[in-house]
2 protein chains.
Amino acid sequence: MATTIEQTDGGSGALDTLVGYHLRRVYGIFGSDFTEAMEGTGLRQVLFGILSVVAANPGMRQGAAGEMLGIQRANMVALINELVAADLIDRQVAEDDRRAFALTVTPAGKVAMAEALRRIRAHEDRLLADLSHDERRTLIGLLERIERTRT
Amino acid sequence: MATTIEQTDGGSGALDTLVGYHLRRVYGIFGSDFTEAMEGTGLRQVLFGILSVVAANPGMRQGAAGEMLGIQRANMVALINELVAADLIDRQVAEDDRRAFALTVTPAGKVAMAEALRRIRAHEDRLLADLSHDERRTLIGLLERIERTRT
DNA sequence: TATTGTTATACTCTATAACTATA
DNA sequence: TATAGTTATAGAGTATAACAATA
């Protein structure tokens, strides 16, 4: 009934009315379940993200991949090293610019991606079981509109 | 038109269809804008979260506050130390259990919270400018339903 | 001069195990 | 024996600055 902050309400207080708070909680739930779902594959959120972006844009540069995912150049180095070491990504000096690297997903990378995608779909189905397909689309749509405001 | 992963689509590939990916992006946008919005207050997301929970439940125990926010006991220590040092939280040995600490928000803490809340509302209004009030409620509602599935 | 990737570094967040003091 | 808080520590994510090679 109160519009101000209640005392001893047994809840989270002002937090519950904030979109950011709920985003934080749900992101946490997704994150830990994702990690569980990926157990044994050696893939993490970032690594799958990179694989996915490179698969959609074969030959793209390391820097461009990082930019699309909001990963800084400096932090891309170790990540790409990891993917190359695991033979999931192929890294070649770009023909037209010898400073840059052209990335492609290896055959093994494609296999790994397919398996990961299967697990991720199951993980999302698990966490979104209470939402109808329409509601999932609504959720993605709302999130995309927020992304467009600030990207 | 393709239901499989496209090649050279210029986009994020399979990522775009995943709720988790959009959550990650939007959470990132909210996180960095939150940090900017709080500049000069000394408050971060976690610290504001603790203040908010303790304000809503005066006298609550350190462990219970952490539990509500998904923060492990071990990690609460330094956070509460920080809030006590800043005179935003009062920490007293609980009368009925001398192992435990009873937490309350200090007067200075309430002032800080009010100012933080003002900034956070502005920050959310900024990032959610494209959404109607109904859409914001829908978004929070959907997120809350996901939280309930796994908490 | 500017850009691509690199190295070094540092800070926050998160997670685990072993400890203490109380219960 | 179990619980509340503590300490130490380690890993992941993220951020900045300075550098080499190339443009």
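Residue numbers begin at 1 in each chain, while the letters A, B, ... track the order of the sequences.
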How long is the line joining CD of B:E36 and P of D:dT14, in whole Å?
17 Å
Look for any protein N or O under 3.5 Å of an N or O in nucleotides 4-8 of chain C and output each such pair with its distance, or none.
unit_1, atom_1, unit_2, atom_2, d
C:dG5, OP1, A:Q62, N, 3.3
C:dG5, OP1, A:F101, N, 3.1
C:dG5, OP2, A:G63, N, 2.8
C:dG5, N7, A:R73, NH1, 3.2
C:dT6, OP2, A:Q62, NE2, 3.0

Just grab all the side chain to side chain donor-acceptor pair (under 3.5 Å) pairs involving residues 137-146 of chain B, residues at least two apart or on different chains.
A:E135-B:R145, B:D134-B:R137
Rounded to whole Å, CG of B:L43 lies from P of C:dC13 at a distance of 12 Å
For B:D33, salt bridge (Lys or Arg N to Asp or Glu O under 4.0 Å) partners two or more places apart:
A:R150, B:R126
Applying side-chain contact (heavy atoms from CB on, under 4.5 Å) to B:F30 and A:V19, what does each step give before you reach the verdict?
CA-CA 9 Å; B:F30 266 73; A:V19 173; 4.0 Å; yes
Quick one: which residue pairs count as a side chain to side chain donor-acceptor pair (under 3.5 Å) with a foot in residues 61-80 of chain B, not counting sequence neighbours?
B:R61-B:D96
Under 3.5 Å donor-acceptor pairs involving side-chain atoms of residues 44-51 of chain A, not counting sequence neighbours:
unit_1, atom_1, unit_2, atom_2, d
A:R44, NH2, A:E82, OE1, 2.6
A:R44, NH2, A:E82, OE2, 2.3
A:Q45, OE1, B:R24, NH1, 3.0

Over how many whole Å does the gap from A:L69 atom CG to D:dA15 atom P extend?
14 Å
5' precedence on DNA chain D between A:R98 and A:I71 (nearest-nucleotide basis):
A:I71
Write out all pairs satisfying ring pair (Phe, Tyr, Trp, His ring centres under 6.0 Å) with one or both partners inside residues 61-101 of chain A, taking only residues at least two apart or from two chains.
none
Would you please confirm or rule out a distance under 4.0 Å between OP1 or OP2 of C:dA15 and any side-chain N or O of B:Q72?
yes
Can you measure B:L79 atom CG to C:dA15 atom C1' for me and round it to whole angstrom units?
14 Å
